[in-house]
Protein chains: 2
Amino acid sequence: MITRNPSLTDQVKAHIKELILTDGFEDARIPPETELAADLGVSRTTVRDALSRLQSEGAIYRRQGAGTFVNQQGLQIKSRLEDIWSYEKLLEDHGFEPSVRVLAASKAPADSPTAEALGLNDGDMVLIIEKLFLEDEKPVMLTINRIPTHFLSGTDYADDEAAPIYEFLQDHCDRSLSYYLSEIIPVALDADTASKLGVDPGTPAISFDEIGFDQSNEPLVRATSHFRDDLLRFRLIRKRSGA
Amino acid sequence: MITRNPSLTDQVKAHIKELILTDGFEDARIPPETELAADLGVSRTTVRDALSRLQSEGAIYRRQGAGTFVNQQGLQIKSRLEDIWSYEKLLEDHGFEPSVRVLAASKAPADSPTAEALGLNDGDMVLIIEKLFLEDEKPVMLTINRIPTHFLSGTDYADDEAAPIYEFLQDHCDRSLSYYLSEIIPVALDADTASKLGVDPGTPAISFDEIGFDQSNEPLVRATSHFRDDLLRFRLIRKRSGA
DNA sequence: TAGTGGTCTAGACCACTTC
DNA sequence: AAGTGGTCTAGACCACTAA
């Protein structure tokens, strides 16, 4: 049942991932590329594309001349930092079933770091949406989004404040979020943030300070997020790079 | 002058990066893949491989049907987290010329997190190497490596304690470091670490807790590192993933 | 020496953007 | 309609690992 869309590569990738999770293989060894290609009736290139993606996700590793192997360690990686697109999905990948609570949604003049990040003038207004993500009523992360009000194409957005930001920007600003430039910052939580997250003030936490851009590199949104380190910890595989 | 090794793809990649940094292009637009392929006398596949790597580094982005463009934001990324291999190189990429000071190198029984990470028994000995990386006498990061002593193939390693760990493991343990599994942890610096880094106790910092594995997934080393956030901040590009 | 992954080619067709 | 990047094929040869 080989069809277009999802792409062949995606189907092959899903198939191999399935094999990894169910079979386990002997010695964690995955069949040779040529064999996979023959079995699935696709070209070796397609198989290699699929394997390359699995490799970059940390699920497998390859040794020239030896073979392709399952990377048990890599399976601990729930999500690659650079692949995080919505926090809803991030939390789901970590095994949560998050609910979202909008703590605040109001317009105010941009503070100075926001104005600088978004290229605004002093006094320009931004819509501030503060969302808390919970798992079973327990706070996991807090995120504050700031969107220039001049992007808003209407006023009837109240129902969608809980939506993922890229969706909100699409629906109510007619802008398409393309990527984030993100800084990873260690902080001691201030009293306000700590209380919203249900931890003691001063608790160390990871904070993301990010700017979301559209395809033309125009900044659309500035986001600041804080995570409960005891509930959500970021892991990654570091390898010798080809660069 | 097209030769093997470095690979064609690497040469093409370097060539395009050169173009990006010097020319700047109009509208940040990069010539079409077919044109690059013709100019350089290589196949489009090779050009695409090179562009894909540049894209994953954040230097460019591609829009189907529209073209390939320079990503000015992405050029701010000094090094991808997942491509960090030695801290020497990381610091160089950030514009430092780091010097290394070995603060300690001694054998001791493994503490319990180390023993667990490396699969050791209670009381097994590890060689602990504590290194401080400085820029102009100013501490930037501190790293502690723990290597099981039973890996050591000799006793004359004293001169190489300052070497990058993968080199030390190669030369004195005959083991080849393949990858790290790394956790990103927010901490408030304890008095000892803070004083070594020259900051106040309690200063928030990023800590990496990592296990280094060889090709067979055998753990070789556990490392704990702390960074001066005011001198070295991690940035990354987050994109919608193909996964 | 046999078998594996790594690199590269030449070409086809598709999906999408732009004019 | 023209031109771009995205997907896929079939095949060649190389570099490396393992028996």
Side-chain angles (χ1 to χ4, degrees), chain A residues 2-16 25-56 59-71 176 178 214-216 239-243, chain B residues 2-16 25-56 59-71 176 178 214-216 239-243:
Chain A
I2 297 291
T3 62
R4 291 280 151 81
N5 226 1
S7 71
L8 263 186
T9 301
D10 284 340
Q11 296 177 62
V12 172
K13 184 185 148 195
H15 177 82
I16 298 172
F25 299 116
E26 308 284 325
D27 301 332
R29 190 206 196 92
I30 289 174
E33 297 173 350
T34 47
E35 190 178 318
L36 287 170
D39 285 356
L40 299 173
V42 301
S43 75
R44 189 180 155 216
T45 306
T46 303
V47 170
R48 278 185 63 75
D49 279 352
L51 289 173
S52 293
R53 295 202 210 168
L54 286 170
Q55 183 175 35
S56 83
I60 63 170
Y61 61 97
R62 302 197 268 194
R63 290 169 51 200
Q64 185 175 20
T68 302
F69 306 85
V70 175
N71 187 347
S176 188
S178 178
D214 68 6
Q215 292 178 334
S216 320
K239 283 178 280 212
R240 182 177 250 129
S241 102
Chain B
I2 298 290
T3 61
R4 291 278 152 81
N5 226 359
S7 71
L8 263 186
T9 302
D10 284 340
Q11 295 178 61
V12 172
K13 183 185 149 195
H15 177 82
I16 297 172
F25 299 117
E26 307 284 326
D27 301 333
R29 190 206 197 94
I30 288 174
E33 297 174 352
T34 47
E35 190 179 318
L36 287 170
D39 287 354
L40 299 174
V42 301
S43 75
R44 189 182 155 213
T45 307
T46 303
V47 170
R48 277 185 63 75
D49 280 352
L51 289 173
S52 293
R53 295 203 208 167
L54 286 170
Q55 184 175 34
S56 84
I60 62 170
Y61 61 96
R62 302 197 269 195
R63 290 169 51 201
Q64 184 175 19
T68 302
F69 306 85
V70 174
N71 186 348
S176 189
S178 178
D214 70 5
Q215 292 180 334
S216 320
K239 282 177 283 212
R240 180 176 251 130
S241 102

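Sequence lines set the chain letters: A, B, ... in the order given, protein chains first and strands last, and positions in each chain run from 1. Worth saying up front: this structure is predicted, and the values here are computed from it rather than measured.
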Check if the side chain of A:Arg63 and the base of C:dG6 share a donor-acceptor pair of N or O atoms closer than 3.5 Å.
no
Value in whole Å for how far the P atom of C:dG5 lies from CG of A:Leu54
14 Å
Please tell me if the side chains of A:Arg53 and A:Asp10 come closer than 4.5 Å, counting only heavy atoms from C-beta onward.
yes
Between P on C:dC8 and CG on B:Asp49, what's the gap in Å once rounded to a whole number?
8 Å
Atom-to-atom span, CD of B:Gln11 to C1' of C:dG6 - whole angstrom:
16 Å
Nearest whole Å is fine: how far is D:dG5 P from B:Leu36 CG?
8 Å
If only side-chain N and O atoms count, and only distance matters, is there a donor-acceptor pair under 3.5 Å linking B:Ser43 with B:Arg48?
no
Whole-Å distance between D:dA2 P and B:Glu35 CD?
19 Å
Taking only the side-chain heavy atoms of A:Thr68 (C-beta and beyond), determine which of D:dT4, D:dC8, C:dG5 contains the nearest atom.
C:dG5
Rounded to whole angstroms, how far apart are CD on B:Glu33 and P on C:dC14?
18 Å
Please classify the nucleic acid contact of A:Thr45 as base, sugar-phosphate, or nothing, using heavy-atom distances under 4.0 Å.
base
Euclidean distance, atom CZ of residue A:Arg44 to atom C1' of C:dG5 [Å, nearest integer]:
6 Å
Starting at the 5' end of DNA chain D, which residue's closest nucleotide do you reach first, A:Gln64 or B:Gly65?
B:Gly65
Distance check, rounded to the nearest 0.5 Å: A:Thr68 atom OG1 versus A:Arg63 atom CZ?
10.5 Å
Please state whether the phosphate of D:dT4, meaning OP1 or OP2, lies under 4.0 angstrom from any side-chain nitrogen or oxygen of B:Arg62.
no
Hey, is the side chain of A:Thr34 poking within less than 4.0 Å of OP1 or OP2 on C:dG3, counting only N and O atoms?
no
Would you kindly give the CD-to-P distance between B:Gln55 and D:dG6, to the nearest whole Å?
7 Å
Which pair of heavy atoms, one from B:Tyr61 and one from B:Asn71, lies closest together, and at what distance?
CD2-CB, 3.8 Å
Candidates A:Val47, A:Leu36, A:Asp49 - the one meeting side chain to side chain contact (heavy atoms under 4.5 Å, CB included) with A:Val42:
A:Val47
With the side chain of A:Arg48 defined as its heavy atoms from C-beta on, choose the nearest nucleotide among C:dT4, D:dC8, C:dT7.
C:dT7
Quick one: is C:dG6 close enough that its OP1 or OP2 comes under 4.0 Å of any side-chain N or O from B:Ser7?
no
